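Since the structure comes first, as structure tokens, the remarks are kept for the end.
All figures in this text were calculated on a predicted structure; none of them were measured in a lab. Order of the sequence lines sets the chain letters (A, B, ...), proteins ahead of strands, with each chain counted from 1. Side chains included, hydrogens not; waters and symmetry mates left out as well; all remaining heavy atoms used.
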There are 2 protein chains.
Amino acid sequence: MESLLSNIRINISECLYVKDPESSKLGQRILSNSIVLIDQLGFEEFNFKKLGQEIQSNESSIYRYFENKQKLLQYLSALYWGILEYRLVVETTAIQNPEERLYKAVEIVTKNPESISTQPHINLNNLRNIIIAEFTKSYHQKHVDEDNSEGNFSIYKRLVLRIAEMIQLVDSGFKFPKSLASTILDGSLHQFFISAHFKSISDTASNSEVFDFFNQMISRLLNRMTNGSK
Amino acid sequence: MESLLSNIRINISECLYVKDPESSKLGQRILSNSIVLIDQLGFEEFNFKKLGQEIQSNESSIYRYFENKQKLLQYLSALYWGILEYRLVVETTAIQNPEERLYKAVEIVTKNPESISTQPHINLNNLRNIIIAEFTKSYHQKHVDEDNSEGNFSIYKRLVLRIAEMIQLVDSGFKFPKSLASTILDGSLHQFFISAHFKSISDTASNSEVFDFFNQMISRLLNRMTNGSK
DNA sequence: TAATAATAATAGTAATACTATTAAATTTGC
DNA sequence: GCAAATTTAATAGTATTACTATTATTATTA
């Protein structure tokens with residue numbers, strides 16, 4: 001019996017790859033090993049030659065899947081946000097109370113993602129590390145606008161909009177739902193980075209404290225419609 | 001008559017340069033032109049060869065001032081945060097009311113910096129663009145911890161702590177003053193980037209709206225001691 | 001004016017981020 | 001089960017980058 005989850009696939013913009021890496025064994029090895037290797041080496045030190053050695057394959061073969069390592073990073077980012085979006089939808093749509101729903105959403109995006117078994121070759125822990133350390137580099141570059149118009153960041157933006165919508169359902173008068181949503185997403189990554197590397201300016205030693213911070217932020221920032229739970 | 005301001009110099013960690021660029025004409029040309037050139041080309045496309053051509057000098061001469069372009073970016077970042085810190089101190093210390101003081105602080109860090117005349121060879125507009133687009137790259141790399149222990153980010157961190165202190169003076173019971181301070185600094189840069197490139201997820205079209213967002217954030221997040229101004 | 005320091009010019013190196021070509025292996029259609 | 005088509009591997013090569021080293025030239029200062 002197959003579980004529902006194992007049939008799910010994150011739909012990623014075709015602009016992000018030359019050949020769909022999920023369509024072959026080699027492609028899947030490229031994905032799973034690049035995630036480990038980028039986490040290990042950092043994005044700057046990572047390259048396709050090293051990845052080729054790692055998967056006992058050739059540099060040039062990897063270029064048949066990804067145009068360059070920048071696109072690979074954008075692909076991996078889309079994958080991560082896609083997994084988060086999936087969890088967000090599955091775990092929040094049944095919740096009727098807008099506040100409770102938003103609470104759950106903030107929990108999902110700020111706490112550690114539990115592995116979903118859809119893609120067993122994807123190590124979510126490594127992937128999350130990559131997002132914290134490298135996601136910013138996927139769009140902080142001169143070609144952002146071009147990449148953006150190709151849809152390379154659409155999953156991320158859709159996730160922001162979903163959360164913004166939830167915010168507005170809690171407080172329709174709040175003037176900055178999108179700004180707040182993107183502040184939560186980006187800000188939580190930033191807090192994780194800071195608590196790992198700049199401890200002197202961090203209040204959030206643990207994962208759950210990052211959640212506490214942003215949860216407190218939304219609950220104090222928004223005028224609730226009801227006196228909801230938590 | 002010399003103004004007070006023109007005697008001020010931002011004190012930048014010696015680890016960030018080989019030879020102090022403020023100590024010679026060539027060094028100053030390196031600074032002023034690198035700021036323009038990095039803004040123009042983006043950090044990835046920028047290199048010392050191109051900068052050398054720009055200032056009618058030689059690549060190898062630039063290496064006598066900066067170890068590499070990464071360090072130059074960290075230097076420029078320190079310079080920017082130093083200028084902001086200077087303004088923050090000058091413009092807030094006289095303010096007695098903690099809320100008013102914090103309000104002013106948020107204004108300074110989220111609104112456009114007016115040029116201070118201390119360093120006429122520094123184009124603050126270009127520098128600010130660089131910070132918005134590239135600051136994240138100055139610390140998102142494998143050597144963060146090493147660079148951090150050398151003090152390369154100390155001005156930035158000190159600025160966060162100053163704001164955190166102001167937050168605590170407004171609400172001593174608030175649990176996350178440092179997280180909030182760094183969220184304001186990092187978050188405002190993020191909002192500027194987003195409103196320039198990802199308009200669909202932005203509520204803040206103008207500079208002043210970014211200020212409004214973060215100002216509302218602190219005023220709703222903190223339990224005020226008094227019913228202060230604004 | 002001699003000594004010292006700063007700068008410019010030139011050359012060179014190892015690594016990177018690719019591209020092109022061809023050969024070998026694998027898959028697929030009939 | 002074989003031919004055709006596709007995919008992958010191996011090799012080689014290129015332009016650029018991020019430097020380093022060396023020496024010559026110029027400017028500064030004692």
Side-chain angles (χ1 to χ4, degrees), chain A residues 14-34 37-38 40-76 121 134 137-138 140-143 146-147, chain B residues 14-34 37-38 40-76 121 134 137-138 140-143 146-147:
Chain A
E14 286 179 22
C15 293
L16 286 177
Y17 49 80
V18 181
K19 177 184 173 173
D20 183 1
E22 293 286 5
S23 71
S24 77
K25 280 282 165 213
L26 180 64
Q28 290 181 356
R29 267 193 297 149
I30 289 173
L31 288 185
S32 61
N33 287 278
S34 68
L37 204 57
I38 293 175
Q40 245 171 52
L41 304 177
F43 188 63
E44 280 73 27
E45 297 298 305
F46 167 87
N47 63 40
F48 283 179
K49 191 168 202 170
K50 291 175 186 171
L51 178 58
Q53 282 160 0
E54 198 73 12
I55 62 177
Q56 323 275 40
S57 173
N58 203 270
E59 195 189 358
S60 55
S61 304
I62 302 167
Y63 280 104
R64 308 201 131 248
Y65 287 87
F66 292 101
E67 213 181 311
N68 50 48
K69 69 174 183 174
Q70 188 71 20
K71 286 278 164 73
L72 172 59
L73 179 61
Q74 291 177 356
Y75 181 96
L76 295 177
H121 55 294
E134 323 288 358
K137 295 170 195 166
S138 76
H140 271 107
Q141 32 89 10
K142 272 286 156 182
H143 301 296
E146 205 181 313
D147 289 353
Chain B
E14 285 179 23
C15 292
L16 286 177
Y17 50 81
V18 181
K19 177 184 173 173
D20 183 0
E22 293 287 5
S23 71
S24 78
K25 280 281 164 213
L26 179 65
Q28 290 181 354
R29 268 193 297 148
I30 289 173
L31 288 184
S32 61
N33 286 277
S34 68
L37 204 58
I38 292 175
Q40 244 172 51
L41 304 176
F43 188 64
E44 279 73 28
E45 296 298 305
F46 167 87
N47 62 39
F48 283 179
K49 190 168 202 170
K50 291 175 185 171
L51 178 58
Q53 283 160 358
E54 198 74 12
I55 62 176
Q56 323 276 41
S57 173
N58 202 270
E59 196 189 356
S60 55
S61 304
I62 302 167
Y63 280 104
R64 308 200 132 245
Y65 286 88
F66 292 101
E67 212 181 312
N68 51 48
K69 69 175 183 173
Q70 188 71 19
K71 286 278 165 72
L72 171 58
L73 178 61
Q74 290 177 357
Y75 181 96
L76 295 176
H121 55 293
E134 323 287 0
K137 296 170 195 167
S138 76
H140 272 106
Q141 31 90 11
K142 272 286 156 182
H143 300 295
E146 206 181 312
D147 289 353

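Using a 4.0 Å cut-off, no side-chain N or O of B/Ser60 falls inside it from OP1 or OP2 of C/dA8. Residue B/Ser24 places at least one side-chain N or O closer than 4.0 Å to OP1 or OP2 of C/dT7. A sub-4.0 Å separation between OP1 or OP2 of C/dA17 and a side-chain N or O of A/Lys69 is present. Remark: B/Tyr65 is in phosphate contact with C/dT7, judged by side-chain N or O atoms under 4.0 Å from OP1 or OP2.
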Criterion salt bridge (Lys or Arg N to Asp or Glu O under 4.0 Å) on A/Glu44 and A/Lys137, from CA distance to verdict
CA-CA 10 Å; A/Glu44 280 73 27; A/Lys137 295 170 195 166; 3.1 Å; yes
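Searching all strands for a Watson-Crick or G-U wobble partner of D/dA30 with both distances below 3.5 Å returns C/dT1. Nucleotide C/dT28 forms a Watson-Crick or G-U wobble pair with D/dA3, both donor-acceptor distances falling under 3.5 Å.
At the heavy-atom level, B/Asn58 lies under 4.0 Å from base atoms of the strands shown. Across all strands, A/Lys49 comes closer than 4.0 Å to no nucleic acid atom at all (heavy-atom distances).
We find that CD of A/Gln53 is positioned 12 Å from P of C/dA15, with the value rounded to whole Å. The interatomic distance linking B/Leu51 (CG) with D/dC19 (P) rounds to 14 Å, in whole Å. We find that CZ of B/Arg64 is positioned 14 Å from C1' of D/dC19, with the value rounded to whole Å. In this structure, the NZ atom of A/Lys50 is 13 Å from the C1' atom of C/dA17, given to the nearest Å. What separates OH of B/Tyr63 from P of D/dA21 is a distance of 13 Å, to the nearest Å. In this structure, the CD atom of A/Gln56 is 17 Å from the C1' atom of C/dA25, given to the nearest Å. Rounded to an integer number of Å, the gap from CG of B/Leu26 to P of D/dT26 is 16 Å. Protein atom CD1 of B/Ile62 is 14 Å distant from nucleotide atom P of D/dT17, rounded to whole Å.
Surrounding CD of A/Glu45 are at most 12 heavy atoms belonging to other residues, nucleotides or ligands under 6.0 Å away. In B/Lys49, the NZ atom is not crowded: 12 or fewer heavy atoms of neighbouring residues, nucleotides or ligands sit closer than 6.0 Å.
Residues A/Phe46 and B/Arg29 both approach DNA chain C. Their nearest nucleotides, taken by heavy-atom distance, put B/Arg29 toward the 5′ side. Looking at which nucleotide of DNA chain D each of B/Gln70 and A/Lys19 is closest to, the 5′-most match is held by A/Lys19.
The side chain of A/Glu59 lies closest to C/dC18 when the candidates are C/dT16, D/dA9, C/dC18.
Donor-acceptor pairing under 3.5 Å is lacking for the side chains of B/Gln70 and B/Asp147.
Using a 4.0 Å cut-off between a side-chain N of Lys or Arg and a carboxylate O of Asp or Glu, B/Glu54 and B/Arg29 do not qualify as a salt bridge.
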